[in-house]
Amino acid sequence: GFPIVARTDFSRTTFLLEVEHPQMARAARPGQFVIVMLDDHGERIPLTIADFDREKGTITLVIQAVGKSSREMQSRCQVGGALFGLVGPMGIPSEVSDAKKVICVGGGLGVAPIFPQARAFKEAGAHVIGVVGFRSANLVFWEEKFRSVCDEFIICTDDGSAGIKGLVTQGIEQAIAEHGDIDEVVAIGPPIMMRACAEATRPHKIKTMVSLNPIMVDGTGMCGGCRVRVGGKVKFACVDGPDFDGHEVDFDDLMARLQRYRPQEAEAMEQWLENCRRLQVEEVR
Amino acid sequence: MARKTIRSIPQERAFMPVLDAQERATNFEEVSLGFDEANALVECERCLICPEPACIPGCPVEIDIPGFISKMLKKDYHGAWDTLTDSTFLPAVCGRVCPQEDQCEGVCAVAVSGGLEPVAIGRLERWLGDMAIEKGWKNESHIEPNEYRIGIVGSGPASMACAADLAKAGCKVTVFEALHAPGGVLRYGIPEFRLPNSVVDAEIGNLEKLGVEIRCNTLVGRLFTVEQMLDEMGYDAVFIGTGAGYPSFMDIPGENFNGVLSANELLTRCNLMQAGKFPNFDTPLEIGRKVAVIGAGNTAMDAMRVSKRLGAEEVTCVYRRTEAECPARLEELHHAMEEGINFQWLTAPVEILGDSNKNVRAIRCQRMELGEPDDSGRRRPVPIPGSEFEFEADTVVYAIGTAPNPILGQTSDIKLNKWGYIDTDETLATSLAGVYAGGDIVTGAATVILAMGAGRRAAASIRDYLGIRD
Ligand SMILES: Cc1cc2nc3c(=O)[nH]c(=O)nc-3n(C[C@H](O)[C@H](O)[C@H](O)COP(=O)(O)OP(=O)(O)OC[C@H]3O[C@@H](n4cnc5c(N)ncnc54)[C@H](O)[C@@H]3O)c2cc1C
Ligand SMILES: Cc1cc2nc3c(=O)[nH]c(=O)nc-3n(C[C@H](O)[C@H](O)[C@H](O)COP(=O)(O)OP(=O)(O)OC[C@H]3O[C@@H](n4cnc5c(N)ncnc54)[C@H](O)[C@@H]3O)c2cc1C
Ligand code: SF4
Ligand code: SF4
Ligand code: FES
Ligand SMILES: [Mg+2]
């Protein structure tokens, strides 16, 4: 297995795992992802490499517990334990262009994965504006980490409990209004957010890169399950992406395809919760 | 002993039991049960032990077929298996999955000049292979280690065969596999009812007994490059056997509706990820009531028969040529027919239709007729105007072929041909010194035995390159 060496819980649903894999820490580039299996009955789930530490030989994953596999990881992955499967880095690394001024946008499960890109742009000498979105102040994480690589940093919360009240698109609009010379926007988050970001930048003709998260199995180009439509053409996100030009992506197609296994996912969740309840009852006895 | 003649041999093939078609179509048990000893010996009697056997050149790895059959007749089964394994590393696999009717059995004298069913060479080979697994036979008494380290990319039949030969030659061999389990298509593609995982596990176990180290969860090209293997990681030579797993679609309207998937996705979910046991295994797979599979090769047959076993009521094969051109193994085609698959020959899809939730609801096809022969000599199917029709389907599976996996091309300077396959010379050397390639990634999708043969040829070339002598 692959040893888990650190864990942090950011909120009731979001947690960080640091996993030992020196070879991967050396190879990883911003924008790449891994595929994880919790155990030999598990499914293969893709997760973005949110950070890597070449000296320590670790990679960092930030996971939102949304369904059976991610919730089971939340309850079972502890320091000292190990992951059954971990393969990567996968996908084509993000192109860190020579843009002078960029906005890096992260929302929901995209907040962590945008970090290595913001850092890479900073290291390449760009003026980096970070825009991150959370539901409310108590869910905010990595603020200091972001501030250390961003020249400007805008937090947006749905309820206004931290930063500006509103969606990340408001943060983008604010930044565009203040700077007439944004070269590029990079956005990672739920498809609906990435689409909104692409629509916000389209009238300004600002290049906008998004990182797509379709359902994957192997992540090696073998199953075609991750296919997305970009510019009218079919692409496999795991080997042709995951980054694509947001103005070209067919987000409706992506969102519909992400629904593919909803009934089974609900069933898996149901059964897992039921098993958890049963175990608790037994423990009490 | 008088020479055998066509008239003196058993006229009928020896009996090999198969599971009942109705019953087996609901489970994943192996369909063909194999010979027992008595029947295997009867089948051996049918071989004429030809002085100039046509069957040997008919086999891509030139197994000495009359040689192993003669030993079987003397009940020297271990000796027979040794003869087999002089040429093949995977007898229990190839005996099951080779398209024998196009290879060894297709040219067997018993059929060609005698007009009878050919000697069941594949079944005999399987019987010996299974016996070897059961008894734990091995034929490498002593390996003299040398100082060479070989890195192998992928763990399909090409890689397995190459690894075995180089390990026997004394090299320290490491196999890198991207998935979490080794075996390539033998693991994720060909289903349990045709090739049980226990057989694949046994063959992999034999590799490990030869001292080969297998490292799964390793995506070469991304975790490290082929160039790094030679320059930094200390491998003296590299073999690439990454297969041609990139599934093709047709670019007709409706291909992205939910319910449209590649055969590779269906088979991977089912075979590698055990989706049939959902929710006890976490990977889901939804097979509708009515499944349409496009294509008629082995992959299509497997996809159809798996769909049936996962509960589909109606499974239809859509193929633009006729049964005569169907590229699947004959046995699989027959088994699929027995299991109640519908075949729509001379039919091609033109559009996939969806409902308001973007789920598939039907497929629109057109009828074809055979026109002039094309470059391959096969008559080209041409659409019949006005013949379009629709039928209901909630799952549409593409099994129309694959393209080369792009990752190594993206990450290394290795020379590819214009279709994206790795370019090699006749020794299977690539454009990078010390790097060899073989199997589907060189030839395009082919067969297990051809991949295995290529792996062995590359192993011989690598030995020459490193100057390793017997
Ligand atoms: C390239 C990529 C990077 C990702 N990075 C992260 C990350 O850094 N952090 C994070 O929390 N999540 C990330 N995800 C999403 C994550 O993979 C899914 O949330 C996870 O697979 C859900 O599994 P589940 O069993 O917990 O939930 P389920 O209830 O099974 O699924 C919830 C939803 O997640 C999606 N999903 C389900 N299975 C898969 C799958 N095999 N592949 C992709 N999506 C799936 C579906 O839309 C589904 O409706 C990423 C996805 C991709 C493709
Ligand atoms: C469903 C199906 C049924 C078939 N039925 C038959 C049959 O009945 N008879 C027959 O003779 N042939 C059959 N074939 C064809 C046969 O299986 C293939 O020709 C054969 O497996 C090719 O072997 P290979 O070693 O070249 O590659 P594969 O078996 O494709 O193995 C390649 C391996 O390399 C791994 N890999 C790829 N890229 C990387 C990378 N970058 N790093 C690490 N690992 C990597 C893959 O994950 C895979 O495990 C069938 C094929 C399929 C798909
Ligand atoms: S390996 Fe295949 S072709 Fe060769 S003898 Fe065996 S079954 Fe026939
Ligand atoms: S051609 Fe047929 S009969 Fe002749 S040796 Fe080969 S298997 Fe036997
Ligand atoms: S996940 Fe299978 S091809 Fe991309
Ligand atoms: Mg899930």
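Just so it is clear: chains get the letters A, B, ... in the order the sequence lines come, proteins before strands, and each one is counted from 1.
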**Student:** Using the side-chain contact (heavy atoms from CB on, under 4.5 Å) rule, pick out the option among B:T268, B:T402, B:V185 that qualifies with A:M222.
**Tutor:** B:T268

**Student:** Highest number of heavy-atom pairs under 4.5 Å with chain B: which of A:M24, A:M37, A:Q259?
**Tutor:** A:M37

**Student:** Which one wins on heavy-atom pair count under 4.5 Å against chain B: A:I45, A:N275, A:D253?
**Tutor:** A:D253

**Student:** Give the member of B:E265, B:K277, B:K358, B:Q410 that has the highest number of heavy-atom pairs under 4.5 Å with chain A.
**Tutor:** B:E265

**Student:** Please report the closest heavy-atom contact between B:L223 and A:A27, naming both atoms and the distance.
**Tutor:** O-CB, 3.3 Å

**Student:** Can you say whether A:R29 sits under 4.5 Å from chain B via the side chain, the backbone, both, or neither, judging by heavy atoms?
**Tutor:**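 Interface part for A:R29: neither.
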
**Student:** For the candidates B:L179, B:N264, B:N217, which exhibits the highest count of non-hydrogen atom pairs separated by less than 4.5 Å from chain A?
**Tutor:**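 Going by pairs under 4.5 Å, I would pick B:N217.
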
**Student:** At a heavy-atom distance under 4.5 Å, which candidate from A:A28, A:P93, A:G91, A:G85 has the highest pair count against chain B?
**Tutor:**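 Looking at each option in turn, the highest pair count goes to A:G91.
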
**Student:** Please identify, among B:T242, B:L285, B:L266, B:L272, the residue contributing the most non-hydrogen atom pairs under 4.5 Å to chain A.
**Tutor:** B:L285

**Student:** Do other residues, nucleotides or ligands put more than 12 heavy atoms under 6.0 Å from the CD1 atom of A:I192?
**Tutor:**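 It does not: A:I192 CD1 has 12 such atoms or fewer within range.
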
**Student:** Identify the residues of residues 59-77 of chain A whose heavy atoms come closer than 4.5 Å to a heavy atom of chain B, ordered by number, or report 'none'.
**Tutor:** A:K68, A:S69, A:E72

**Student:** Check B:N256 against A:V228 and note the closest heavy-atom contact, atom names and distance.
**Tutor:**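 Shortest heavy-atom contact: ND2-C, 4.3 Å.
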
